[in-house]
Amino acid sequence: MNGAADEASRSNFIRDIIDEHNRTGRFGGRVHTRFPPEPNGYLHIGHAKAILLNMSIAEAYGGKMNLRFDDTNPVKEEQEYVDGIIHDMRWLGADWEDRLFFASDYFDQLYAWAVQLIKDGKAYVDHLSGDEIREYRGTLTEPGKDSPYRNRSVEENLKLFEQMRNGEFKEGECVLRAKIDMASPNLNLRDPVMYRIRFATHHRTGDKWCIYPMYDWAHGQSDSIEGITHSLCSLEYEDHRPLYDWYLDQLGIYHPQQIEFARLNLNHTVMSKRKLIKLVQEGHVRGWDDPRMPTITGMRRRGYTPEAIRLFCDMIGVAKSNSTVDIAMLEYCVRQDLNKRAPRRMGVLRPLKVVLTNYPEGQTEQLNAINNPEDPDAGTRTVPFSRTLYIEQDDFMENPAPKYYRLAPGREVRLRYGYFIKCEDVVKDAQGNIVELRCTYDPATRGGEAPDGRKVKATIHWVSAGHAKAAEVRLYDHLFSVPNPGEDEGVDFIEQLNPNSMQIITNAFVEPSLAEVKPGERFQFERVGYFCVDPDTTPEKRVFNRTVGLKDEWAKIQKQQGA
RNA sequence: UGGGGAGUCGCCAAGUGGUAAGGCAGCAGACUUUGGAUCUGCGAAUCGGGGGUUCGAAUCCCUCCUCCCCAGCCA
């Protein structure tokens with residue numbers, strides 16, 4: 001279907017590595033990936049890249065993918081997020097069959113392994129305070145120094161660790177640390193913390209535990225338990241890999257391969273969880289599912305399809321260099337997908353009244369319209385036509401600019417699926433605003449063809465004033481007005497929000513076939529864009545979200561003329 | 001200044017010693033009852049710079065530069 005997508009999914013450095021593993025038989029030809037979200041927020045398009053990558057890799061090699069929640073920090077994680085993540089992943093088309101796991105499923109095993117490390121003299125209970133641990137860690141250029149508690153006996157460590165588990169210490173009083181190397185140039189290896197004390201209720205294990213494993217201590221072993229072959233993660237974990245490997249090696253258990261790739265960045269938006277949470281909590285957007293958000297739930301509400309997101313992820317590929325993808329590519333992908341499947345309808349966003357002076361009063365006729373020229377199976381529908389219509393304000397210009405070939409005084413255009421009409425008169429109010437157009441129609445051009453063969457330069461959309469349904473339309477633009485929010489020194493990304501990222505039009509009109517629409521339904525309003533019915537829709541009020549506009553040649557010309 | 005990564009068209013990204021894919025964006029044109037879609041054409045004097053090896057290098061070696069990540073009892 002798309003050469004670039006095929007090409008991208010055919011070749012990338014991860015596949016090269018897997019091919020090599022298959023060649024040497026490292027995993028016996030097996031490929032098993034996993035997506036390991038922390039349930040502390042909603043999924044965004046960057047996560048979709050990771051999910052789809054894990055899915056496509058597994059699929060390409062006849063393997064499987066697990067879903068495992070990395071729920072090792074009860075103070076940040078909530079059930080609401082696990083539910084949301086599962087929902088979004090299913091929507092994206094992910095299938096983990098019965099392999100839904102939680103790192104918390106492995107807390108007992110992890111505890112037992114910690115005891116094993118202590119017995120091997122590879123871990124110790126440290127009573128240094130948080131501040132002290134930081135001081136002892138050294139800096140990027142200076143080695144750290146050993147904790148005074150580093151050489152406690154195995155017996156003492158065993159006893160202390162059990163006391164930690166039993167809640168005999170306060171939060172922050174002590175931690176369990178791996179005994180590796182306080183002088184390692186890799187700070188992750190300077191006796192990393194394995195367990196910390198948290199008297200917090202966990203969303204799954206409740207109050208069973210008061211000690212919780214750190215990410216590094218939980219992640220690799222969780223992969224190992226699940227028999228993961230290729231543990232894909234983002235670049236910032238590259239220097240955690242030696243630790244990932246160290247734990248597995250010390251424990252002597254099955255050893256997956258961690259592979260890091262660059263996370264997705266998109267311009268004109270933000271992707272960090274911290275920033276997204278801030279947008280939600282401070283009310284800069286209407287919630288996680290605000291159609292302007294790069295979250296999966298937001299994009300779904302906006303009208304994106306899983307197919308469009310999949311196409312996008314195939315197109316951008318995967319590599320190790322930090323990059324920022326132009327959001328235009330995402331928009332291209334939705335258009336590409338929606339063009340083939342979205343039924344066409346007519347909707348007028350900014351109505352301008354048109355009266356056909358030679359059309360009989362009170363007459364109505366049904367005109368035939370094609371539902372989707374890209375899809376013959378979509379069939380046809382009828383749309384009512386009458387003496388009074390609404391057209392788009394943009395489709396009329398009293399003093400037409402060069403290259404503008406829509407309606408103007410004395411000029412003739414075609415009404416889509418209707419007749420040719422000619423503007424005879426312009427009616428203005430006291431302030432000089434154009435409030436109505438008086439036009440004539442040519443009865444011989446019904447359906448849009450002139451028997452005498454004359455041509456018109458433009459075809460415009462319309463609705464019959466007496467039949468049209470009122471609608472609210474929400475137009476969205478980039479959430480941020482700058483390409484890379486938060487990149488500038490000393491400028492808060494909040495200040496770079498696009499003040500016009502949402503424009504609400506309350507007096508739009510749509511053709512009557514749209515009278516009863518259901519949230520989630522998608523349409524193309526001809527010549528305008530793709531729209532998705534918002535959940536705010538009620539039987540009395542239709543609300544449409546603009547997913548993305550159509551490419552607009554005239555807008556481009558205007559821009560050139562303006563400059 | 002320690003360690004780990006990355007630098008190929010405006011933006012992604014192939015290429016792994018044989019003489020620079022593709023996509024997005026842009027520009028030009030064809031077609032068109034959506035100025036949509038589709039189709040065609042155009043576009044890389046430095047493959048970060050400089051040396052070197054080689055008949056031949058984006059691909060190998062040396063060196064320099066730039067950018068990203070790491071000093072949470074976050075993930």
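Quick caveat: nothing in here was measured; it's all calculated off a predicted structure. So that the names make sense, note that chain A is the first sequence line, chain B the second, and so on, each numbered from 1.
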Please classify the nucleic acid contact of [X] as base, sugar-phosphate, or nothing, using heavy-atom distances under 4.0 Å.
X: L264(A); answer: nothing
X: I197(A); answer: nothing
X: S129(A); answer: base
X: F420(A); answer: nothing
X: I133(A); answer: base
X: P373(A); answer: base
X: D216(A); answer: nothing
X: E142(A); answer: nothing
X: Y195(A); answer: nothing
X: R406(A); answer: base
X: Y405(A); answer: base

Length of the line joining [X]:[atom1] and [N]:[atom2], which is rounded to integer Å:
X: R15(A); N: A14(B); atom1: CZ; atom2: P; answer: 12 Å
X: N322(A); N: C68(B); atom1: CG; atom2: C1'; answer: 5 Å
X: F161(A); N: C73(B); atom1: CZ; atom2: C1'; answer: 13 Å
X: L140(A); N: C70(B); atom1: CG; atom2: P; answer: 10 Å
X: H240(A); N: G5(B); atom1: NE2; atom2: P; answer: 13 Å
X: E260(A); N: A75(B); atom1: CD; atom2: P; answer: 18 Å
X: R527(A); N: G36(B); atom1: CZ; atom2: P; answer: 10 Å
X: K320(A); N: G15(B); atom1: NZ; atom2: C1'; answer: 18 Å

Report the nucleotide, chosen from [options], that has the shortest atom-to-atom distance to any side-chain atom of [X].
X: R196(A); options: G2(B), A71(B), C73(B); answer: C73(B)
X: N73(A); options: A25(B), G2(B), C74(B); answer: C74(B)
X: S11(A); options: C11(B), G15(B), G23(B); answer: G15(B)
X: K76(A); options: C68(B), C74(B), G36(B); answer: C74(B)
X: R344(A); options: U34(B), C27(B), C73(B); answer: U34(B)
X: M329(A); options: A75(B), A71(B), C12(B); answer: C12(B)
X: D239(A); options: C69(B), C12(B), G72(B); answer: C69(B)
X: L235(A); options: A75(B), G36(B), G5(B); answer: G5(B)
X: K556(A); options: A71(B), G26(B), A6(B); answer: G26(B)
X: K551(A); options: A71(B), A75(B), G36(B); answer: G36(B)

Can you check whether [X] has a side-chain N or O nearer than 4.0 Å to OP1 or OP2 of [N]?
X: R198(A); N: C74(B); result: yes
X: Y215(A); N: C74(B); result: no
X: S323(A); N: C11(B); result: no
X: R137(A); N: C73(B); result: yes
X: Q560(A); N: C27(B); result: yes
X: Q258(A); N: G4(B); result: no
X: T139(A); N: G2(B); result: no

Problem set entry | Taking every non-hydrogen atom, the tightest pair across L176(A) and M164(A) | N-CE, 3.8 Å

Problem set entry | Over all atoms of both residues, closest heavy-atom pair of E526(A) and R344(A) | OE2-CB, 3.5 Å

Exercise. Is it true that E226(A) and R68(A) have a side-chain N and a carboxylate O under 4.0 angstrom from each other?
Worked result: yes

Exercise. Taking the inter-plane angle between the rings of F509(A) and Y390(A) on a 0 to 90° scale, is it parallel (under 30°), tilted (30 to 60°) or perpendicular (over 60°)?
Worked result: parallel

For this session: Measure the acute angle between the ring planes of Y212(A) and F107(A), then classify it against the limits of 30° and 60° as parallel, tilted or perpendicular.
Result: perpendicular

Problem set entry | Evaluation steps, side-chain contact (heavy atoms from CB on, under 4.5 Å), between V175(A) and M214(A) | CA-CA 11 Å; V175(A) 293; M214(A) 297 290 288; over 6 Å; no

Problem set entry | 5'-most by nearest nucleotide on RNA chain B - V175(A) or L550(A) | L550(A)

Problem set entry | Closest-nucleotide 5' rank along RNA chain B - winner of R241(A) and P185(A) | P185(A)

Problem set entry | Watson-Crick or G-U stems of RNA chain B, 3 or more pairs, under 3.5 Å, by first number | B:2-7 with B:65-70, B:10-12 with B:22-24, B:26-30 with B:38-42, B:48-52 with B:60-64

Exercise. Strictly by modelled atom types, are Y332(A) and Q336(A) linked by a side-chain donor-acceptor pair under 3.5 Å?
Worked result: yes

Problem set entry | Residues that P343(A) engages under side-chain contact (heavy atoms from CB on, under 4.5 Å), provided they are two or more places apart | R345(A), F523(A)

Exercise. Can the ring centres of F420(A) and Y441(A) be said to be less than 6.0 Å apart?
Worked result: no

With rounding to whole Å, what would you report as the distance between [N] and [M] at their [atom1] atoms?
N: G26(B); M: C69(B); atom1: C1'; result: 34 Å
N: U46(B); M: A75(B); atom1: P; result: 48 Å
N: G7(B); M: C73(B); atom1: C1'; result: 37 Å

Problem set entry | side-chain contact (heavy atoms from CB on, under 4.5 Å) between T445(A) and R414(A), worked out | CA-CA 9 Å; T445(A) 57; R414(A) 171 170 39 230; over 6 Å; no

Problem set entry | Step-by-step salt bridge (charged side-chain N to carboxylate O under 4.0 Å, His left out) determination, E20(A) to R23(A) | CA-CA 5 Å; E20(A) 178 64 8; R23(A) 199 183 61 74; 2.8 Å; yes

I'd like to know if [X] reaches the base of [N] with its side chain, counting only an N/O donor and acceptor under 3.5 Å.
X: Y237(A); N: A75(B); value: yes
X: E374(A); N: G36(B); value: yes
X: Q524(A); N: U34(B); value: yes

Exercise. What distance do H127(A) atom NE2 and F169(A) atom CZ have between them, rounded to the nearest 0.5 Å?
Worked result: 4.0 Å

Seminar exercise, completed: Per the glycosidic torsion and the 90° limit around 0, nucleotide G15(B) is anti

